[in-house]
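What follows is a short report on a single structure.
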Amino acid sequence: MCTTLTCHAGNRTSKYGDDAFYFEALKALENKDKGKASSLLKKSVKNGSPMVARLSAEELVEISSGREKLYAAESIYKTYGDRKSLGVYAEALFENNSFAQLLDLTKDMEDEDDDVTLYRMMALLETDSESFSDSFHRWCTTTPYSARHHTVFGLIQEATDNDSIFSSPAARLRESVYTRDWGTAAKMVSTVCSDNQNIRPQILSDAGKAFLYGSKDYEKNASYLSTLEKDASPDSKFFLAFYRGRLLDKTETSNTQASQAFLTAMENAQSPEQFDNALWYYLNTALKDSIASALFELSIYRSQWNDPAYFDDFLDTLSLRLITKHLWQEYYNTAILIDGYASNEATAKFSYVAGSLIENKFLTPKTFSAKQAYTTLYSRALNSETNIYHKFLAAEKLGLTKDEVLQNLETLHIDENFTRDEEAEHVLEGYVDFEIPSRVYPFWNEHSTSISMETTHKASRYLQVCGADDPSYFTLSLRIASRKAHSSEGPVSEDIMSLAFPRDFQPEVKKWCTEYKIDEYLAYALIRSESFFDPQVTSWAGATGLTQLMAPTAGDIAAKLKVKDYDLTDINTNLQFGIYYLSELSRRLDGNKLQAVFSYNAGIGRIRQLLKTAKIEFEKNSIPEDIFLEALPIQETRDYGRKIVGASAMYAMLYYDKDPSEIIKDFMEN
């Protein structure tokens with residue numbers, strides 16, 4: 001048990017008073033003493049502070065059964081009377097077969113995707129109610145289809161032979177889309193939409209997805225959706241136009257029609273999110289047509305989007321196209337065009353890259369001296385609330401000292417709307433002081449926007465200590481600190497920054513870095529970027545462990561190291577193999593760290609070919625590494641390079657007394 005940061009037992013009662021009953025009850029549950037836990041929770045419900053009393057009441061329901069659970073759930077509902085407490089009570093009523101009481105309590109409550117409606121539907125089905133079919137159809141067609149709908153649909157199939165309950169084609173369409181049975185769903189669209197009552201947003205959204213992923217008849221299906229638009233309401237017309245545009249976009253021959261469909265969708269958008277979604281596709285359709293077309297549309301619509309970050313990937317693609325086409329002046333113009341409209345992330349990238357293009361003489365500014373132009377652009381990149389990669393690169397270009405960089409990083413992302421919740425902090429600190437680590441991250445995650453930096457530091461530090469017994473807590477500690485560093489109520493403390501960039505597994509990392517001559521700060525950056533310090537993580541592609549090695553790569557490494565039997569989930573083995581592999585890539589690339597990092601992600605053969613191609617296209621023997629990164633055609637590798645460089649500079653500064661500019665130069669000098 002991790003105890004380093006917790007209160008002594010004698011101090012707990014004085015600090016927490018009657019709330020201590022709740023935390024002691026959780027400790028009793030850990031020891032499988034349900035009787036003691038129940039007794040303590042009842043005391044806490046009666047005497048605890050408001051938040052603790054409710055948590056205790058909910059926990060009492062969780063550990064109870066039968067009539068005792070029903071009584072506890074009823075008590076919660078009578079005390080709080082809100083929808084959440086009703087959901088708890090409805091579940092208990094259902095489990096106790098009190099179907100009539102449940103149905104009476106929840107009548108006229110079928111309009112939300114929550115536990116209240118879930119248990120009402122299950123009770124209707126269980127009692128073979130005549131109203132079930134209509135109720136289930138209405139629920140499926142008016143709310144977002146979720147795991148709750150899926151649960152009831154599964155019970156339908158298991159519970160009855162009565163075909164009448166399958167009379168809702170709309171429900172079956174939604175179930176097919178939910179389970180990604182796209183082909184089946186696509187075949188059902190015309191049947192479902194032949195009923196005018198089904199021409200409603202939730203159904204049309206699924207119909208569009210079904211056509212998009214379940215059929216290749218893009219033009220035919222787009223034409224069919226068009227026939228439904230005439231008499232549709234604006235909220236329905238949005239989905240019809242939006243998916244018509246996406247289907248036409250798939251044809252690669254109907255750009256003009258696709259663009260017009262997206263414009264129609266934008267005109268009928270019912271929310272900022274819908275507008276941005278349609279605009280994103282509209283801009284990308286313009287980019288398919290030409291860069292000039294995309295820049296023209298960007299100049300018009302950059303002031304109309306709602307969430308600038310939603311367009312980061314569009315701007316990233318635009319950046320790549322501008323660089324690979326050597327449109328240097330247009331790149332600079334775009335940096336100026338989006339400033340004040342794009343996200344801080346995109347603004348910083350375009351500003352920095354435009355500055356580098358000028359400094360490296362790819363571009364000569366028309367109205368300023370070169371030095372004045374690139375200095376202004378670097379300053380803009382530095383002072384954007386952006387990722388640390390562009391901050392560190394801009395700081396190096398501007399000659400900032402380590403202390404100046406640290407001061408700049410302290411205000412990475414200030415949340416000016418932060419409101420502290422002292423009750424939530426009290427509970428979170430209780431989980432720490434009473435040594436209940438399993439509750440810390442879920443609770444912090446639920447209340448993260450109202451937990452102060454001081455309490456966040458305490459929670460994150462505690463989980464880091466717990467990682468010595470259970471390495472999974474290392475990752476949870478990092479998640480807490482990292483999110484706080486990117487959204488804090490004030491200047492980020494160095495303590496939080498250190499927890500956001502931890503050095504877990506120090507003995508093993510030090511050993512293998514010394515053995516294979518790799519800088520420790522680079523190894524930690526790699527581990528953080530690859531696995532977030534989770535030794536058990538496996539990617540969708542099969543990469544395993546802290547350094548995310550693929551099985552074939554690990555096999556080659558094992559042969560070179562003459563290791564016959566190995567387990568990639570073993571921490572020491574995984575670190576040895578990963579650090580060795582990085583050192584080998586660096587050696588084969590003549591010590592070029594950045595290219596070794598790219599190769600770790602994309603493969604050395606591919607990076608060598610891309611470098612060779614870039615030298616030909618840029619007509620230079622040596623391409624600045626920061627520009628080469630932006631010219632890489634693989635988005636994942638571009639992002640990966642930025643993460644590793646930024647994290648390396650941060651680790652070097654926090655733990656190894658190095659100026660981040662020194663690290664940036666080490667990466668960027670080829």
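- At least one side-chain heavy atom of Leu400 sits under 4.5 Å from a side-chain heavy atom of Leu382.
- Between the side chains of Asp470 and Ser472, at least one donor N or O sits under 3.5 Å from an acceptor N or O.
- Side-chain contact between Thr613 and Gln609: present, with at least one pair of heavy atoms (C-beta onward) separated by less than 4.5 Å.
- Under a cut-off of 6.0 angstrom, the local environment of NZ in Lys402 is crowded, with over 12 non-hydrogen atoms contributed by other residues, nucleotides or ligands.
- For the ring-ring contact (aromatic ring centres under 6.0 Å, His included) test, residues two or more places apart in sequence or in another chain that qualify with Phe242 are Phe238, Tyr281.
- A distance of 11.0 Å separates CG in Asn601 from CG in Leu585, rounded to the nearest 0.5 Å.
- A donor-acceptor contact shorter than 3.5 Å is absent between the side chain of Gln548 and the backbone of Leu526.
- More than 12 heavy atoms of other residues, nucleotides or ligands lie within 6.0 Å of OH in Tyr656, so this atom counts as buried by the packing criterion.
- Arg380 and Ser384 form a side-chain donor-acceptor contact under 3.5 Å, judged by distance and modelled atom types alone.
- Salt bridge annotation for Lys349-Asp316: present, with a cationic side-chain nitrogen under 4.0 angstrom from a carboxylate oxygen.
- Across every non-hydrogen atom of Asp519 and Cys513, the tightest pair is O-SG, 4.2 Å.
- Rounding to the nearest 0.5 Å gives a distance of 10.0 Å between CD1 of Ile527 and CD of Glu520.
- Using cut-offs of 30° and 60° for the angle between ring planes, the Tyr581 and Tyr600 rings count as tilted.
- In this structure, Ile358 and Tyr332 have side chains that are in contact, with non-hydrogen atoms separated by less than 4.5 Å.
- A cation-pi geometry, defined here as NZ or CZ lying under 6.0 Å from the six-membered ring centre and within 45° of its normal, holds between Arg503 and Tyr655.
- Under the 30°/60° scheme for interplanar angles, the aromatic rings of Phe501 and Tyr651 are found to stand perpendicular.
- Between the side chains of Lys288 and Asn255, no donor-acceptor pair of N or O atoms lies under 3.5 Å.
- A cation-pi geometry, defined here as NZ or CZ lying under 6.0 Å from the six-membered ring centre and within 45° of its normal, does not hold between Arg483 and Phe532.
- At least one donor-acceptor pair closer than 3.5 Å links the side chain of Asn360 to the backbone N or O of Ser356.
- Side-chain atoms of Trp280 do not come within 3.5 Å of backbone N or O of Asn277 as any donor-acceptor pair.
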In sequence, state the C-alpha distance, the side-chain angles, and the governing distance for Val597 and Val645, and then conclude on side chain to side chain contact (heavy atoms under 4.5 Å, CB included).
-> CA-CA 9 Å; Val597 166; Val645 172; over 6 Å; no

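- The aromatic rings of Tyr301 and Tyr282 lie perpendicular to each other, with more than 60° between the two planes, well past the 30° mark.
- Atoms CZ and CD, on Phe474 and Gln464 in that order, are 6.5 Å from each other to the nearest 0.5 Å.
- Using a distance-only test at 3.5 Å, with no hydrogens or angles considered, a donor-acceptor pair links the side chain of Ser583 to the main chain of Tyr580.
- At least one side-chain heavy atom of Phe628 sits less than 4.5 Å from a side-chain heavy atom of Phe598.
- For the pair Leu320/Arg638, a side-chain contact is recorded, criterion being any heavy-atom separation below 4.5 Å from C-beta on.
- One distance of note links CZ of Phe505 with CG of Leu546; it measures 5.0 Å at 0.5 Å rounding.
- No donor-acceptor distance shorter than 3.5 angstrom exists from the side chain of Ser351 to the backbone of Tyr378, with no hydrogens or angles considered.
- At a threshold of 4.5 Å between non-hydrogen side-chain atoms, the residues Leu499 and Thr456 do not count as touching.
- Side-chain N or O atoms of Arg321 include none that pairs as donor or acceptor with a backbone N or O of Ile291 at under 3.5 Å.
- The two atoms that bring Leu478 and Ala500 nearest to each other are CD1-O, 2.8 Å, heavy atoms only.
- Using bins of under 30°, 30° to 60° and over 60° for the plane-to-plane angle, the ring pair His326/Trp328 lands in the parallel bin.
- Using a 4.5 Å cut-off on side-chain heavy atoms (C-beta onward), Tyr310 and Pro272 make no contact.
- Atom NZ of Lys643 sits in a sparse spot, with 12 or fewer heavy atoms from other residues, nucleotides or ligands closer than 6.0 Å.
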Go through Trp182 and Ser215 one step at a time and tell me if the side chain to side chain contact (heavy atoms under 4.5 Å, CB included) criterion holds.
-> CA-CA 8 Å; Trp182 302 117; Ser215 171; over 6 Å; no

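- If you take CD on Gln329 and OG1 on Thr364, they are separated by 9.0 Å, rounding to the nearest 0.5 Å.
- In this structure, Leu575 and Val509 approach most closely via the heavy-atom pair CD1-CG2, 4.1 Å.
- For the residue pair Glu584 / Tyr516, no side-chain donor-acceptor distance below 3.5 Å is found, with atom types taken as modelled.
- For Asn574 (side chain) and Thr544 (main-chain N/O), a donor-acceptor pair under 3.5 Å exists by modelled atom type.
- Closest heavy-atom contact between Ala348 and Ala381: O-CB, 3.5 Å.
- Residue Ile480 forms a side-chain contact (heavy atoms from CB on, under 4.5 Å) with just one option from Leu463, Ile496, Thr475, and that option is Leu463.
- Between the side chains of Tyr218 and Asp249, no donor-acceptor pair is found at a separation under 3.5 Å.
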Determine, step by step, whether Phe311 and Ser343 satisfy the side chain to side chain contact (heavy atoms under 4.5 Å, CB included) criterion, reporting the C-alpha distance in whole Å, the side-chain angles of both residues, the deciding distance to 0.1 Å, and the verdict.
-> CA-CA 8 Å; Phe311 298 87; Ser343 71; over 6 Å; no

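- Glu625 and Asn592 are linked by a side-chain donor-acceptor pair at a separation below 3.5 angstrom, with hydrogens and angles left out of the test.
- A distance of 4.5 Å separates OG of Ser319 from CZ of Phe350, quoted to the nearest 0.5 Å.
- The shortest side-chain heavy-atom distance between Leu398 and Thr375 falls under the 4.5 Å cut-off.
- Ion pairing between a basic and an acidic side chain is recognised when a charged N comes within 4.0 Å of a carboxylate O; Glu508 and Lys511 show no such pairing.
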Evaluate the criterion side chain to side chain contact (heavy atoms under 4.5 Å, CB included) for residue pair Leu318 and Leu295; output intermediate values, then yes/no.
-> CA-CA 9 Å; Leu318 177 61; Leu295 291 176; 3.9 Å; yes

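- The shortest heavy-atom contact between Ser482 and Arg528 is OG-NH2, 3.4 Å.
- For Ser487 against Asp415, the heavy-atom pair with the smallest separation is OG-CB, 3.8 Å.
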